[in-house]
Number of protein chains: 2
Amino acid sequence: MHETAQILRDKKIRPTLTRLAVGEVFFKSFDHPSAEDMVSKLKKVSPCISRATVYNTLELFVKKGLASKRALKAGGVIYDPVVSPHHHFLDKESGKIYDIPWDLAKLPGKIDLPGFEVEDYYLVITGKKTRRTNGTQQKNGRNAQ
Amino acid sequence: MHETAQILRDKKIRPTLTRLAVGEVFFKSFDHPSAEDMVSKLKKVSPCISRATVYNTLELFVKKGLASKRALKAGGVIYDPVVSPHHHFLDKESGKIYDIPWDLAKLPGKIDLPGFEVEDYYLVITGKKTRRTNGTQQKNGRNAQ
DNA sequence: GTTCGTGCAAACGGTTTGCAACAAT
DNA sequence: ATTGTTGCAAACCGTTTGCACGAAC
């Protein structure tokens, strides 16, 4: 199955070889990679891929709704193939980020702030991870919610 | 009144001239300055202050509980003299950040995540600001909550 | 005299930009 | 022809580090 090509075509992104390679790796990256992480992963597969192209492609994915981009910790932004609403837990010891399903935090359905037009909101939760859970496994990137 | 000196002494920070200058400016900075913003502000007052010292001092303030440090948007961390719990609204057009009082969002008193030891949590709200409010005025940095 | 605080410049890491070549329309 | 895509290197910007000097303990 050429799922990645289909995902790109659905979003009117021309499925070039480079973009297929980026997509192929990114859409299964549930470890909240930075752009530089993605460059590393991709260099292993396709050694002469360009840093600039990876950055461009990730930004393109964000623009087209195939990725979300979050500033959660100092020193760089992370990209997430899960675009449905969810929260993030940041382990202060390891620096690892875990997805937290939206309804685990009992938030009000909408947030009304006089003077502000709210587009999006999410929790950033910090602390320490205690047990191994499946916290980061969430494969509903482009379908759910 | 030498309020700044007292704040520092209370936290066992030796109130050197440099730190007084940083504190004097920082403790009234309710505009969510980056470290580099603080360097600029301080260079106006005290032109030969060192970049490294400003960075060091801000980190010291964070460590001593006089500042909070947040990654809210790409391209750098911001420092906030308001250390009591509150949320942040990020205006996507202007890039400006506004403090949102804790109880404006009706959050549950605590968040229970099996497998995680929750230390801190807060909302990041994005959108557009519509009206001028006093959203960013909140002078209860070291006292409230 | 050992640690702490400061300034300066260089280094560093993540990201963006400029440019040249090529492919698709 | 014009636009879109890619790679490469250089530039850029926020932050950290190394070092030297002076002040405080």
Side-chain angles (χ1 to χ4, degrees), chain A residues 4-5 8-9 11-26 29 32-64 66-67 69-80 95 97, chain B residues 4-5 8-9 11-26 29 32-64 66-67 69-80 95 97:
Chain A
T4 303
L8 297 187
R9 258 183 266 111
K11 293 290 185 173
K12 309 274 191 272
I13 300 173
R14 206 189 323 150
T16 64
L17 283 178
T18 312
R19 284 170 178 164
L20 284 171
V22 177
E24 207 66 49
V25 172
F26 178 65
S29 290
H32 304 89
S34 66
E36 210 57 30
D37 291 337
M38 285 300 301
V39 173
S40 307
K41 291 189 190 200
L42 283 158
K43 288 266 185 194
K44 283 176 194 158
V45 171
S46 166
C48 77
I49 198 168
S50 161
R51 166 170 285 98
T53 301
V54 176
Y55 277 77
N56 284 341
T57 305
L58 289 170
E59 281 304 306
L60 179 63
F61 286 179
V62 171
K63 204 173 76 183
K64 299 291 190 169
L66 293 177
K69 181 189 187 182
R70 294 266 139 100
L72 296 174
K73 53 179 174 180
V77 144
I78 60 99
Y79 292 87
D80 195 334
I97 293 163
Chain B
T4 303
L8 297 187
R9 257 181 266 112
K11 294 290 184 171
K12 311 274 191 270
I13 299 173
R14 202 179 339 139
T16 64
L17 284 178
T18 312
R19 286 170 176 166
L20 283 172
V22 176
E24 207 66 50
V25 173
F26 177 66
S29 290
H32 305 88
S34 65
E36 211 56 31
D37 291 338
M38 286 299 300
V39 172
S40 306
K41 290 189 191 201
L42 283 158
K43 288 266 184 192
K44 284 176 193 158
V45 171
S46 168
C48 76
I49 199 169
S50 161
R51 166 169 285 98
T53 302
V54 176
Y55 278 79
N56 283 341
T57 305
L58 289 171
E59 281 304 305
L60 179 63
F61 286 179
V62 170
K63 203 173 78 185
K64 298 290 191 168
L66 293 177
K69 181 189 187 181
R70 294 266 139 100
L72 296 174
K73 53 179 172 179
V77 143
I78 61 99
Y79 292 87
D80 195 333
I97 293 163

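Labels below follow one simple rule: chain letters A, B, ... track the order of the sequence lines, proteins then strands, and each chain is numbered from 1.
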Check your understanding: D:dG14 C1' sits how many Å from B:R70 CZ, rounded?
Key -> 20 Å
Practice item. Could you tell me which residues satisfy side chain to side chain contact (heavy atoms under 4.5 Å, CB included) with A:T16, sequence neighbours excluded, listed by chain and number? Key: A:T18, A:R19
Exercise for review: Round to a whole Å and report the spacing from CG of B:D37 to P of D:dC13.
Suggested key: 14 Å
**Study point:** Proximity to the side chain of B:T16 - top-ranked nucleotide from C:dG7, D:dT6, C:dG5
**Key:** C:dG5
**Study point:** Partners meeting side-chain hydrogen bond (donor to acceptor under 3.5 Å, both in side chains) with B:K43 (sequence neighbours left out)
**Key:** none
Review point. Using the C1' atoms of five pairs at each end, what's the angle between the two axes of the helix from C:dG1-D:dC25 to C:dT25-D:dA1, to 10 degrees?
Key: 10°
Exercise for review: Would you give the length of the straight line joining atom NZ of A:K73 to atom CD1 of A:I97, rounded to the nearest 0.5 angstrom?
Suggested key: 4.5 Å
Point to revise | Closest-nucleotide ordering on DNA chain C, the 5'-leading residue of B:I13 and B:C48 | key: B:I13
Review point. Within the side chain of A:S46, is there an N or O that forms a donor-acceptor pair under 3.5 Å with the backbone of A:L42?
Key: no
Check your understanding: Tell me, do A:V22 and A:F61 make a side-chain contact under 4.5 Å, heavy atoms counted?
Key -> yes
Review point. Expressed in angstrom and rounded to an integer, what is the separation of B:L58 atom CG from C:dG5 atom C1'?
Key: 15 Å
Atom pairs under 3.5 Å: protein N/O with N/O of nucleotides 16-25 of chain C:
none

Review point. Taking only side-chain nitrogens and oxygens of A:S50, does any of them come within less than 4.0 Å of OP1 or OP2 of D:dT6?
Key: no
Check your understanding: Counting any heavy atom closer than 4.0 Å, what does A:A35 reach on the DNA or RNA strands: base, sugar-phosphate only, or nothing?
Key -> sugar-phosphate
Review point. A:K64: what forms a side chain to side chain contact (heavy atoms under 4.5 Å, CB included) with it, not counting sequence neighbours?
Key: A:K11, A:I13, A:L60
Check your understanding: Does the side chain of B:L66 reach to within under 4.5 Å of the side chain of B:L8, using non-hydrogen atoms?
Key -> yes
Exercise for review: Please state whether the phosphate of C:dG5, meaning OP1 or OP2, lies under 4.0 angstrom from any side-chain nitrogen or oxygen of B:T53.
Suggested key: no
Review point. Rounded to whole angstroms, how far apart are CZ on B:R19 and C1' on D:dA23?
Key: 12 Å
Exercise for review: Compare the minimum distances between each of C:dT15, C:dT6, D:dT5 and the side chain of B:T18, then state the nucleotide with the smallest one.
Suggested key: C:dT6
Exercise for review: Could you check how far CD of A:E36 sits from P of C:dT15, rounded to whole Å?
Suggested key: 7 Å
Check your understanding: Is a side-chain donor or acceptor of B:D37 paired with a backbone partner of B:S34 at a separation under 3.5 angstrom?
Key -> yes
Practice item. Not counting sequence neighbours, which residues clear salt bridge (charged side-chain N to carboxylate O under 4.0 Å, His left out) with B:K41? List them please. Key: B:D31
Review point. How long is the line joining NZ of B:K12 and P of D:dC25, in whole Å?
Key: 14 Å
Point to revise | d(CD1, A:I49; C1', D:dC8) in whole Å | key: 13 Å
Check your understanding: Whole Å only: how far is the CD1 atom of B:I78 from the C1' atom of D:dG14?
Key -> 15 Å
